[in-house]
Amino acid sequence: MMSTARHELVLILDFGGQYTQLIARRVRELHVFCEIIPFDTPLATLAARSPKAIILSGGPASVYAASAPVCDPAVLDTGIPLLGICYGAQLMANLLGGSVEHAPSGEYGKTTVRLDKSSSLFRGLPAETSCWMSHNDRIGAIPTGFRTIASTPACPVAAMENPERRQFGIQFHPEVVHTPVGPDILRHFLFEAAGCTGDWTMSSFVDDAIQDIRLRVKDERALCALSGGVDSSVAATLVHRAIGDHLTCVFVDTGLLRTGEGDRVESLFHHRFDMPLVRIDASARFFASLRSVTEPEKKRKAIGAAFIDCFAEQARAMQGIPFLVQGTLYPDVIESGNSVASTIKSHHNVGGLPADLSFSLIEPLRLLFKDEVRDLGRALGLPEELVDRQPFPGPGLGVRILGEVTPENVNILQRADAVVERVMRSSGWYTKVWQSFAVLPNIHTVGVKGDERTYVHTIALRIVESSDGMTADWVRLPAEVLEEISHAITSELPEVNRVVYDITSKPPSTIEWE
Ligand code: XMP
């Protein structure tokens, strides 16, 4: 695992709050490295990391519930500066001898809060501001040694502090954008109360990562499945910086990628960055395995299996390579309880390799959030149109064609997809949305072109906004942009005479059509 011992570290104990990852992102935006760890991490493990501060996250439980998550009470006695947020603040109150009570009515959303500016947390901030609240319980009696430093009409103790012990509890959420002074509060806690200096930057991350990779790989070799997406591209580039020709990238052209993808990958990584790259044209194999397959799950399985076969064959042919580079990101690591090392998510990530191929994984992005990976890509000199790319599913266009996937269908969809990307980029919308793409529902409808009756394909447009792909909403794109896409598709593709717009959110739909 990537070492961070050279940097100041803040640990965030995760009590299951919906905003825990946001806390981490806000702390890192202040150039302080932080990690999210389970709430029940033993004190010894925690102390061994020598954190500059500990943050107790929010969480859905009530401190008095039988199943309430509780950290080792000794964590509150280490002398390490402590910030409790929402549930974390209530837990502090409870464990330190104060009390928590059920509020007569919960407080949700934007709320006006009065701040005591004599607290170091609120120095220089307005006496009254808005904050984001989301709670049923509230602190009743504050523990001995504490004083109240903020309040709202429904929450007399909206924040409390014990400056001597450098312990703070806030009921509202400083990590959420609806708390405009949130970044200031976190900065005051980290830099003044906890004495951090903000020593974590992208260039220091690159230097450390390169050093760690070199130490691990030594004179051995590493393999990387390069997909052309942001994560594998950034991971490969970083590892290549560290070990040069000892890294070989394998690009499997499934035939289900966007138009020109293989050439783009080859020209950037092989020709421009001079990386050893094996490009496998496996499209015939993928189309063969997809023949007559129409059921979505069977399609996904067929594509996944063909991918693993291709990659495994290549890996065997290059025998004796002990390391495999993966573009695993921090949210996956957190979601698998910090033990993702050997779990690999989806097919395109080469999960499920045969038993005779056992690799040690190098996951140089495993501590980074997606936006940090994009910054890292920029720092490594990757072109903006790669770094700003929207997510693309592992099974590729295979899950955007309903019914049988044939070379002819893929060819139509590739050209429609290229039009969508072109217009989305030229209108400035491409980077404002989560995903924008074309789907081929395999429906023929009647149309008229010139004086001729046509009976050809329909293209569906799927353009959604989302923050993590788990939920999504369709984008209210200006009619002119929709019109431009529709006009360009129907004029440039003789096989299409109709374009429709998908106006469903997720749930009840999913983002992809299959
Ligand atoms: P759904 O369709 O489930 O998609 O709403 C959510 C997000 O995940 C992407 N997606 C995939 N990504 N392998 C991937 O790497 C897959 O098999 C896969 N299926 C869906 C999808 O594009 C969206 O961003």
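When a ligand or atom number is given, it counts from 1 through the structure's own listing order. Here the structure is a predicted model, which is why all the values come from computation and not from measurement.
A salt bridge does not link Glu29 to Arg187: none of the charged nitrogens lies less than 4.0 Å from a carboxylate oxygen. Between Glu266 and Arg279, at least one side-chain nitrogen of the basic residue sits less than 4.0 Å from a carboxylate oxygen of the acidic one, meeting the salt-bridge criterion. Between Asp388 and Arg374 there is no salt bridge, since none of the side-chain N atoms of the basic residue sits less than 4.0 Å from a carboxylate O of the acidic one.
Every N/O-N/O distance between Pro391 and ligand 1 stays at or above 3.5 Å. Ligand 1 has an N or O atom lying under 3.5 Å from an N or O atom of Gly394, backbone or side chain.
Between Phe269 and Phe273, the angle of the ring planes goes over 60°, which puts this pair in the perpendicular group of the 30/60° scheme.
Judged by the 6.0 Å distance and 45° axis criteria, Arg28 is positioned over the aromatic ring of Trp200.
Taking each of Arg300, Gln435, Arg462 in turn, the one with a heavy atom nearest to atom 24 (O) of ligand 1 proves to be Gln435.
Ligand 1 has Trp434 within reach: a non-hydrogen atom of the residue lies less than 4.0 Å from it.
Listed by number with element, the atoms of ligand 1 under 4.0 angstrom from any heavy atom of Thr510 are 1 (P), 2 (O), 5 (O). Atom numbering of ligand 1 starts at 1 in the shown order; those under 4.0 Å from a heavy atom of Pro395 are 13 (N), 16 (C), 17 (O). Atoms of ligand 1 found under 4.0 Å from any heavy atom of Lys506, numbered from 1 in the order shown, are 1 (P), 3 (O), 5 (O), 6 (C). Distances below 4.0 Å separate heavy atoms of Gly469 from the following atoms of ligand 1: 6 (C).
Side-chain atoms of Ser466 come within 3.5 Å of backbone N or O of Asp468 as a donor-acceptor pair.
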